[in-house]
Colleague: 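To start, I am sharing the structure in question, which I have written as structure tokens.
Side-chain atoms are counted along with the backbone in the values below, which use heavy atoms only and exclude waters and symmetry mates.
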Protein chains: 2
Amino acid sequence: MSSPQQFRELCRLEKHTGPTSGVLPGFVQANLLILPSSAAESFEDLCFRNPVACPLLTKTVDTPHRLENHSDFIKDDSFDICRDFPKYNIYRDGRLIEQKTNCIDEWSDGHVGFLIGCSFSFENALTKAGLVPKNVARGSNVSMFVTNKHLDTVGIFHLCPYVVSMRPFKSCDVERVRQVTRAFKKTHGEPIDWGFDGAQRLGIRDLNNPEYGDPIEISEDEIPVFWACGVTPQLAVATVGHLIDGIVMGHTPGHMLILDTTEAASLSSHT
Amino acid sequence: MSSPQQFRELCRLEKHTGPTSGVLPGFVQANLLILPSSAAESFEDLCFRNPVACPLLTKTVDTPHRLENHSDFIKDDSFDICRDFPKYNIYRDGRLIEQKTNCIDEWSDGHVGFLIGCSFSFENALTKAGLVPKNVARGSNVSMFVTNKHLDTVGIFHLCPYVVSMRPFKSCDVERVRQVTRAFKKTHGEPIDWGFDGAQRLGIRDLNNPEYGDPIEISEDEIPVFWACGVTPQLAVATVGHLIDGIVMGHTPGHMLILDTTEAASLSSHT
């Protein structure tokens, strides 16, 4: 498969329904949330107030086929946010009720789809810089923890915790790790904290028992390094799910949308 | 005095050197930080990552006389960020060393001036909505507390705490208070937490002893409501002051810049 457009077509035809890790390296991948209109405005404000944990890339305009600044993200006109991901999770009242290869039947006129940045890009950059994250080296999922730090409140989104991903690094490498990931302003950027004292500040009690992903050993010469994580907006929607009237859709974890945006291009300025 | 332009001229001529509370209601007022180039890029990133606590309005471009999107904020060409505030604080190594009515001599080629939103605007809006903040009714300064919540880290700005302002309101009024202030997206927006449990979450131990401003009594039928506060970026600069090489300038608290922007106009969208 040679292009994001071809890959999205495979998904649309339901010929690719698996994870996207390692698919078309160099292109940006995106997380998905589709919300009913009653929750969509609050969620967009949540992203604007919390850009590190909830890096909003773009959203649909009226239909599942058009994005804000469409051509910055998707070059072909056959785009369909309800079909171009390999797999979808369907939620009601904050609970997962079904997994499907499209969500055409669930989409209604009031729904708004949000594409959110993911940390695959900075993992590639770390690897290229010789700072290979352990989870990448082992082919395991990254360790993720729910913290005691809350997003800045908006509307229904109150008391929603930051989720962080944790990667162990040697203390002497932390400054370089910070520098490499700092450039990824649209996809979580640099770590929000590090060290065992950092774990304590974030309220993480047991570094061996992540709430999401796989556990990973921290060697004697390493410390944990914490980044804001794309699971945060999903947990936010789950946390206040009982307040959301209607069906919520998301991608199945690991099953992302491949954009036409290259990682190099995505490293430009804030706006 | 009839216009922001005339008021700024009075400041420039050093004829007005006092606080700006109550000056030209309806016009937006701004906080100031002027940083040497070595710290300016990190500080701008800090604002982008933490827009609720550090709402960046604009910054100087090359000289003290020109702002990014100048005409959105200032209509006259005689603007001088080093003279148009009534009074300036001069800092070295994070310590206040002098107060002056201008900072022309301190400005050097590498300096960048940042204008940051302030909460006067939403206090006016609350008052108009019949939800008069107690500090406004009494003519006292608002209570401000240092919290255990940290800004999302950038560069030298690590472990910088949120400062919050606290205004007591009746529980039954909190939803309206949230709604009124939510609209002020560029100046802290809605509260980040509320209630005595909220105080505990933020690590505030004694509500009668604010770190900044005046204490204010919370009546039996009231609860504390907490907003992110414009003192946060100043405290951030003080916290890492020993890492900043060069002179830092800020406005003297309460002595703001009056912009040509009206509060009504500032209520428009995120961008």
Colleague: Residue by residue, scan residues 224-237 of chain B and write down, ordered by number, those that have a heavy-atom distance under 4.5 Å to chain A; if none do, write 'none'.
Modeller: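 No residue falls under the 4.5 Å cut-off.
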Colleague: Within a radius of less than 6.0 Å around CG of A:Asp221, do more than 12 heavy atoms belonging to other residues, nucleotides or ligands occur?
Modeller: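 Yes.
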Colleague: What parts of residues 188-206 of chain B touch chain A if we use heavy atoms and a cut-off under 4.5 Å?
Modeller: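 Within residues 188-206 of chain B, near chain A: B:His188, B:Gly189, B:Glu190, B:Pro191, B:Ile192, B:Asp193, B:Trp194, B:Arg201.
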Colleague: Roughly how far, to the nearest 0.5 Å, is CG of B:Asn50 from CG of A:Asn50?
Modeller: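 If I round to the nearest 0.5 Å, the distance is 9.5 Å.
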Colleague: Can you tell me which portion of A:Arg178 sits under 4.5 Å from chain B's heavy atoms? Options are side chain, backbone, both or neither.
Modeller: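 Just the side chain, heavy atoms under 4.5 Å.
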Colleague: Using salt bridge (Lys or Arg N to Asp or Glu O under 4.0 Å) as the criterion, list what pairs up with B:Glu68, not counting sequence neighbours.
Modeller: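 Applying salt bridge (Lys or Arg N to Asp or Glu O under 4.0 Å) to B:Glu68 gives B:Lys59.
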Colleague: Please determine whether the number of non-hydrogen atoms from other residues, nucleotides or ligands lying under 6.0 Å from atom CD of B:Glu41 exceeds 12.
Modeller: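 At most 12 heavy atoms, drawn from other residues, nucleotides or ligands, come within 6.0 Å of this atom.
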Colleague: Count the heavy atoms belonging to other residues, nucleotides or ligands that lie under 6.0 Å from NZ of A:Lys75, then report whether that count exceeds 12.
Modeller: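 More than 12 within 6.0 Å, yes.
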Colleague: Just by distance, do the side chain of A:Lys149 and the backbone of B:His150 share a donor-acceptor pair under 3.5 Å?
Modeller: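 Checked: pair present.
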Colleague: Do any of residues 151-160 of chain B have a heavy atom less than 4.5 Å from a heavy atom of chain A, and if so, which, in residue order?
Modeller: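 Listed by number: B:Leu151, B:Asp152, B:Thr153, B:Val154, B:Gly155, B:His158, B:Leu159.
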